[in-house]
Amino acid sequence: MSLLIKNGTIVTADGQTKADIYCEGEQITRIGKDLEAPPNATVVDATGKYVFPGFIDPHVHVYLPFMGTFAKDDYISASKAALVGGTTTLIEMICQGRDSRPLTDGFEFWMSQAVGKSACDFTFHQSVTRYDAQVEADLKEIVKAGVASFKVFLAYKGAFGITDEELYHTMRLAKQLGVIVTAHCENADLVLELQRQLLSEGKTGPEYHYWSRPPRVEAEGVHHLLTFAEMTGAHTYIVHTSCEEALNEALAGKARGLNVWVETLIQYLLLDKSYAELPNFEGAKYVMSPPLRDKKNQEVFWNALKQRFVATVATDHAPFDFKGQKDMGRDDFTKIPNGIPSLEDRVNLLYTYGVTTGRLDLQTFVDCASTQAAKLFGLFPRKGTITVGSDADLVVYDPNYRGTISAKTHHLNLDYSAFEGWEIKGRPSVVTVRGEIAVRDGQFVGIIGRGQFLKREPTHF
Ligand code: URP
Ligand code: ZN
Ligand code: ZN
């Protein structure tokens with residue numbers, strides 16, 4: 001199996017150059033001008049196109065039992081959609097409920113959902129939803145099996161949320177094992193009390209979701225987490241950061257020397273809270289946590305990305321149908337399953353509204369959509385860059401493509417798109433996973449089940 005990608009502009013987080021890329025087996029073996037290939041090699045002409053490293057989405061839910069229902073995608077639909085959109089590696093959150101045990105069964109179950117179904121490569125963040133001696137032993141096993149990141153929820157009390165005592169022990173263990181702790185930061189008690197208050201006032205529509213989780217509630221979550229990071233020395237990664245107040249808490253943590261990194265989502269960069277205020281319950285399509293914010297936050301995050309204060313742009317893909325799932329909360333916003341799916345569209349949206357508008361240069365685009373995730377989560381330089389020895393995960397990207405996003409054409413198993421009708425300027429024309437072509441011109445041509453579990457070593461000591 002050999003592949004030659006000719007005449008493209010190779011873009012990495014460090015720079016760009018015009019050259020050919022030759023791949024033998026699953027890796028890149030040569031990069032240079034006018035490379036020759038054997039007659040049986042597959043040749044892709046990338047003239048006028050960019051060649052990016054495969055994109056990495058570091059925050060995805062595929063199998064997700066949540067709020068009385070299950071997320072709609074499975075690894076077949078999710079990985080096809082990811083690949084068509086240029087994402088060649090996804091990192092899923094293993095989210096077992098607080099009462100399910102042992103954790104190792106949860107890990108094996110999540111793995112069984114992906115193996116044999118995923119067309120793209122995958123790995124997991126292991127949620128810690130309670131803490132005791134058995135959990136500690138299980139976590140050590142799971143880390144040995146190749147999962148080098150934990151996930152904690154300060155929100156969702158009674159479901160995934162943990163107590164402060166549990167948080168402390170989780171973070172101490174993480175520090176000892178060199179594991180980074182990814183965290184959903186919102187003050188769970190405040191959310192519960194605000195929800196009760198709003199419902200008691202008859203405020204039941206999707207637009208009130210925002211008021212049950214205002215910016216200060218998220219900022220308090222970040223502040224809280226970082227106090228524990230300071231006491232334990234654990235390295236932390238704040239997922240789905242949505243507002244300036246929360247970002248400032250994270251930056252204050254960085255300023256006092258903490259090892260903290262910030263993730264934002266494509267949804268927060270492009271959508272604002274007015275979407276959740278749409279009439280006729282349409283707003284439910286835009287309910288997620290933390291909620292969509294005031295538009296003024298968007299410029300703050302674009303600038304923070306440009307300055308590299310924000311490390312990654314993810315999706316927190318959490319797909320629930322509008323009919324039959326989101327409408328479980330028609331009379332009570334607290335029952336609307338939280339999530340705005342965007343796994344298929346993240347890269348094209350970030351390119352269109354980040355790069356073509358001049359908000360991000362190409363290097364920053366690659367960095368925040370691929371390289372940083374690889375570096376933070378122990379995948380670099382196997383993933384996240386284009387160099388000899390890296391996996392041949394490549395995205396030949398056509399900047400001249402013009403199209404619109406629609407649920408009618410997406411590969412997700414979902415009855416709506418939060419970005420219905422949005423214009424995109426550019427899309428992957430060829431996507432490869434470890435040297436095999438998986439996408440051509442928006443069509444999935446890959447192999448279901450070829451995706452591999454990526455074993456990772458801890459690096460956050
Ligand atoms: O609304 C969201 N974010 N849904 C998915 C679960 C989570 O909190 O990441
Ligand atoms: Zn979350
Ligand atoms: Zn999530």
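Reckoned from all heavy atoms, side chains included, excluding hydrogens, waters and symmetry mates.
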Take H460 and S149 through the test side-chain contact (heavy atoms from CB on, under 4.5 Å) and record every step on the way to the result. CA-CA 9 Å; H460 288 276; S149 44; over 6 Å; no
Check the pair C120 / T87 against side-chain contact (heavy atoms from CB on, under 4.5 Å), numbers first and verdict last. CA-CA 8 Å; C120 68; T87 294; 5.9 Å; no
Before you tell me yes or no, could you show the steps for Q307 and N303 under side chain to side chain donor-acceptor pair (under 3.5 Å), namely the whole-Å CA-CA distance, both residues' side-chain angles and the distance that decides it to 0.1 Å? CA-CA 6 Å; Q307 301 301 332; N303 287 331; over 6 Å; no
Between H125 and F377, is the ring-ring contact (aromatic ring centres under 6.0 Å, His included) condition met? List the steps. CA-CA 9 Å; H125 302 298; F377 298 118; 4.8 Å; yes
Run F301 and Y268 through ring-ring contact (aromatic ring centres under 6.0 Å, His included) and show every step you take. CA-CA 8 Å; F301 275 84; Y268 299 134; 7.5 Å; no
Given side chain to side chain donor-acceptor pair (under 3.5 Å), test H169 with E136 step by step and report yes or no. CA-CA 9 Å; H169 287 289; E136 184 171 312; 5.9 Å; no
Show the numbers, then the answer: is there a side chain to side chain donor-acceptor pair (under 3.5 Å) between D361 and T364? CA-CA 5 Å; D361 61 28; T364 307; 2.7 Å; yes
Begin from the C-alpha positions of Y237 and T312 and carry the test side chain to side chain donor-acceptor pair (under 3.5 Å) through to its verdict. CA-CA 10 Å; Y237 173 92; T312 58; 2.6 Å; yes
Please step through side-chain contact (heavy atoms from CB on, under 4.5 Å) for the pair F124 and I142, ending with a clear verdict. CA-CA 10 Å; F124 302 103; I142 291 166; over 6 Å; no
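Using a 4.5 Å heavy-atom cutoff, the side chains of V152 and M171 are not in contact. At least one side-chain heavy atom of F419 sits less than 4.5 Å from a side-chain heavy atom of S342. Residues L360 and Y351 have side chains not in contact (no heavy-atom distance under 4.5 Å, counting atoms from C-beta outward). A heavy-atom distance below 4.5 Å is not found between the side chains of I336 and H209.
For the atom pair L349 CG and T315 OG1, the distance stands at 11.0 Å (nearest 0.5 Å). In this structure, K72 NZ and L412 CG are separated by 10.5 Å, a value rounded to the nearest 0.5 Å. Atoms CG and CD1, on L394 and I21 in that order, are 5.0 Å from each other to the nearest 0.5 Å. Taking OH of Y75 as the start and CD1 of I448 as the end, the distance is 13.0 Å to the nearest 0.5 Å. Atoms CD1 and CD1, from I266 and I340 in turn, are 12.0 Å apart once rounded to the nearest 0.5 Å. Between T432 atom OG1 and L83 atom CG the span is 9.5 Å, to the nearest 0.5 Å.
Pairing each heavy atom of P290 with each of H240, the nearest pair is CD-ND1, 3.2 Å. Taking both residues in full, the closest heavy atoms of N7 and K18 are given as O-CE, 4.2 Å, listed atom of the first, atom of the second, then distance. Considering all non-hydrogen atoms of both residues, L376 and T459 come closest at O-OG1, 4.4 Å. Considering every non-hydrogen atom in both L226 and L258, the closest pair reads O-CD1, 3.6 Å. Here the closest heavy-atom approach between residue V347 and residue G85 is recorded as CB-O, 3.3 Å. Contact between D316 and L265 at its shortest, heavy atoms only, is CB-CD1, 3.6 Å.
K306 NZ: 12 or fewer foreign heavy atoms inside a 6.0 Å radius. Within 6.0 Å of atom CZ in R30, more than 12 heavy atoms from other residues, nucleotides or ligands are found, so the atom counts as buried in its surroundings. Atom NZ of K254 is surrounded by more than 12 heavy atoms from other residues, nucleotides or ligands within 6.0 Å.
For the pair T182 (side chain) and F150 (backbone), a donor-acceptor distance under 3.5 Å is present. Side-chain N or O atoms of S370 include one that pairs as donor or acceptor with a backbone N or O of G54 at under 3.5 Å. Under the 3.5 Å distance criterion, the side-chain polar atoms of E92 are matched with a main-chain donor or acceptor of V62. Not a single donor-acceptor pair under 3.5 Å links the side chain of R346 to the backbone N or O of A314. For T9 (side chain) and Y50 (main-chain N/O), no donor-acceptor pair under 3.5 Å exists by modelled atom type. Distance alone, capped at 3.5 Å, is enough to place a donor-acceptor pair between the D20 side chain and the D34 backbone. When atom types are taken as modelled, the side chain of R308 and the backbone of V310 share a donor-acceptor pair closer than 3.5 angstrom. For N259 (side chain) and G257 (main-chain N/O), no donor-acceptor pair under 3.5 Å exists by modelled atom type. In this structure a side-chain-to-backbone donor-acceptor pair under 3.5 Å is present from T241 to E263. For the pair S390 (side chain) and P381 (backbone), a donor-acceptor distance under 3.5 Å is present.
Aromatic ring orientation, Y63 versus F70: tilted (interplanar angle from 30° to 60°). Ring planes of F153 and Y156: tilted class, angle from 30 to 60°. Using bins of under 30°, 30° to 60° and over 60° for the plane-to-plane angle, the ring pair W422/Y353 lands in the perpendicular bin.
Side chains of T104 and E141: a donor-acceptor N/O pair is absent below 3.5 angstrom, by distance only. Inspection of the D138 and Q134 side chains reveals an N or O donor paired with an N or O acceptor under 3.5 Å. For the residue pair T404/E423, the side-chain donor-acceptor check at 3.5 Å is not satisfied. Side chains of K295 and Q298: a donor-acceptor N/O pair is present below 3.5 angstrom, by distance only.
Using a 4.0 Å cut-off between a side-chain N of Lys or Arg and a carboxylate O of Asp or Glu, K117 and D74 do not qualify as a salt bridge. A salt bridge links E166 with R98: at least one charged nitrogen is closer than 4.0 Å to a carboxylate oxygen. Note on E457 versus R382: no salt bridge recorded, every NZ/NE/NH1/NH2 to OD/OE distance being 4.0 Å or above. The pair D45-K6 does not meet the salt-bridge criterion, since no charged nitrogen lies less than 4.0 angstrom from a carboxylate oxygen.
Screening D57, D345, D73 for a side chain to side chain donor-acceptor pair (under 3.5 Å) with H317, the sole residue that qualifies is D73. Screening E186, R213, Q267, E218 for a side chain to side chain donor-acceptor pair (under 3.5 Å) with S242, the sole residue that qualifies is E218. Among D391, D121, D393, the one residue that satisfies the side chain to side chain donor-acceptor pair (under 3.5 Å) test with R434 is D121.
A cation-pi geometry, defined here as NZ or CZ lying under 6.0 Å from the six-membered ring centre and within 45° of its normal, does not hold between K455 and F453. Under a cutoff of 6.0 Å and an axis angle of 45°, K326 and F320 do not form a cation-pi pair.
Side-chain rings of F365 and F55 approach one another, their centers coming within less than 6.0 Å.
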